[in-house]
Amino acid sequence: MTYDVAFRHQQALDPSALSTIGASLHAIGAAVRDCRNAGVDAETDPAVVLFVRHLARLTEGQPDTMVLRRACMDRIAALRRFPALQVLAIRGVAHDEPAKARFHADGRAAMRRLAEALGLDPSRYDIRSNRAGPAVSGEITLHGEELWVQLSLGAMGPDNEVCYRRVRDRHDHCGERNHWASVRALLAPDRFAATLRRDLGLSSAATEPVHLFA
C-alpha cells in the first residue's frame, strides 16, 4: 500500500468539520480516490464506511422518504413545464461547458421536432451545430430547401433567440429578410411550423418527400 495515506483515516475518526452534505460527499469522493490509488477496496475501507455513516447522520433531520419522493416528482413536473432549453436561454451558457453541451443537445432535438412538424423529408434538410468559443452559446441551425432557422443566445437579446428566413436552397446562407422569435416558440413546434409557413410563404413542395421512382 505504498500510495496509501493516513489523512482520510484521521478525518474519518473526527468528521465534525464535515457539517454539510456537500462537504461529506467531497470527503467520500476523495477517500474513494485514495483507495483506488492505493489498490484498496473502497467498499470495505473503514474510513469510507465511517464517512458514509456520518453522511447518513447529517440527513436524519431531513423529511422522511415519502415526502422527499413527492418533492422529486413535483420538481420533475415543474421542469417539464419549464424545459431546460428555456431555462438555459434565460441564464445563458457562456463559460459553462456542461450547460452549453445541454443547450446544443436540446437545441438539435428541438430542431428535429420542428422539421417533423413541418413535414420535412429527412433527405431535404440539414441540422448543424456550431459550438463556437467558450464565451458564446454557438448556434444550432436547421437548413432546408426553402427555410433557414437558427437558435443562438445573446446576439439580439431576450425573446429573439430564434432567427428564421426564406432561402432558395440548402446552398443559400443569406436568403431573404430575417424574422425573429423567442425560444418559447421553438418549444411549441406545431404552432411555430404554422408561423413559418405563413411568414415565409413556404410551398407545399418544401414539405413533401422526393419520390425517385414512380
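Tracing side-chain contacts under 4.5 Å through hydrophobic residues (I, L, V, M, F, W, Y), one never reaches W148 starting from L151; they form parts of separate clusters. In the hydrophobic cluster analysis, where Ile, Leu, Val, Met, Phe, Trp and Tyr join through side-chain heavy atoms closer than 4.5 angstrom, L187 is grouped together with L118. When the side chains of ILVMFWY residues are joined at heavy-atom separations under 4.5 Å, either directly or via intervening members, I127 and L120 end up in a single hydrophobic cluster.
Among all heavy-atom pairs drawn from D45 and H9, the shortest one is OD1-CE1, 3.8 Å. Looking at every heavy atom in both residues, A117 comes nearest to R197 through O-NH2, 3.1 Å. When all heavy atoms of L147 and V167 are compared, the pair lying nearest together is N-CG2, 3.5 Å. Nearest heavy-atom pair across L88 and L153 is O-CD1, 3.7 Å. In terms of heavy atoms, A99 sits closest to V93 at O-CG1, 3.8 Å. Taking both residues in full, the closest heavy atoms of R108 and S129 are given as NH1-OG, 3.3 Å, listed atom of the first, atom of the second, then distance.
Contact annotation: the side chain of D106 never approaches that of P83 to less than 4.5 Å [non-hydrogen atoms, C-beta and beyond]. R124 is listed as a side-chain neighbour of D121, based on a closest heavy-atom distance under 4.5 Å. Contact annotation: the side chain of V149 approaches that of V162 to within less than 4.5 Å [non-hydrogen atoms, C-beta and beyond]. Annotation: side chain of C174 is in contact with side chain of D172 (closest heavy-atom distance under 4.5 Å). Put simply, the side chain of T65 does not reach to within 4.5 Å of the side chain of L68, judged on heavy atoms. In this structure, L85 and F103 have side chains that are in contact, with non-hydrogen atoms separated by less than 4.5 Å.
The number of heavy-atom neighbours closer than 6.0 Å to CZ of R170, taken from other residues, nucleotides and ligands shown, is above 12. Surrounding NE2 of H173 are more than 12 heavy atoms belonging to other residues, nucleotides or ligands, all under 6.0 Å away. The number of heavy-atom neighbours closer than 6.0 Å to CE of M73, taken from other residues, nucleotides and ligands shown, is above 12. Counting heavy atoms of neighbouring residues, nucleotides and ligands inside a 6.0 Å radius, atom CZ of R168 does not exceed 12 of them.
Formation of a donor-acceptor pair under 3.5 Å by the R191 side chain with backbone atoms of A185 is not found in this model. Looking only at distances, a side-chain donor or acceptor of H143 sits under 3.5 Å from a matching main-chain atom of D169. At least one donor-acceptor pair under 3.5 Å links the side chain of N160 to the backbone N or O of P158. Without hydrogens or angle criteria, K100 side chain to V136 main chain gives a donor-acceptor distance under 3.5 Å.
Between F192 and Y164, the two ring planes are perpendicular [angle over 60°; tilted spans 30° to 60°].
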**OP:** Please test D159 against R184 for side-chain contact (heavy atoms from CB on, under 4.5 Å), starting from the C-alpha separation and ending with a verdict.
**Re:** CA-CA 8 Å; D159 294 328; R184 294 187 299 275; 3.1 Å; yes
Verdict with reasoning, N37 to V5, per side-chain contact (heavy atoms from CB on, under 4.5 Å)
CA-CA 10 Å; N37 292 336; V5 294; over 6 Å; no
Practice problem: For R165 and H179, run side chain to side chain donor-acceptor pair (under 3.5 Å): C-alpha distance rounded to whole Å, both residues' side-chain angles, the deciding distance at 0.1 Å, then the answer. | Solution: CA-CA 6 Å; R165 57 180 176 255; H179 302 256; over 6 Å; no
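Rounded to the nearest 0.5 Å, atoms CG (L58) and OG (S24) are 4.5 Å apart. With values rounded to the nearest 0.5 angstrom, H54 atom NE2 is found 9.0 Å from I28 atom CD1. For the atom pair CZ (R112) and CD1 (I140), the distance works out to 11.0 Å, reported to the nearest 0.5 Å. In this structure, the separation between CZ on R113 and CG on L142 is 12.5 Å, given to the nearest 0.5 Å. For the atom pair CG of D96 and OG of S137, the computed distance is 12.5 Å after rounding to the nearest 0.5 Å. Note: D190 CG to E116 CD = 10.0 Å, rounded to the nearest 0.5 Å.
Under the side chain to side chain donor-acceptor pair (under 3.5 Å) criterion, R131 pairs with E97, not counting sequence neighbours. Shown here are the ring-ring contact (aromatic ring centres under 6.0 Å, His included) partners of F51, two or more places apart in sequence or in another chain: there are none.
With respect to L55, the side chain to side chain contact (heavy atoms under 4.5 Å, CB included) criterion is satisfied by exactly one of T20, L25, L18: L25.
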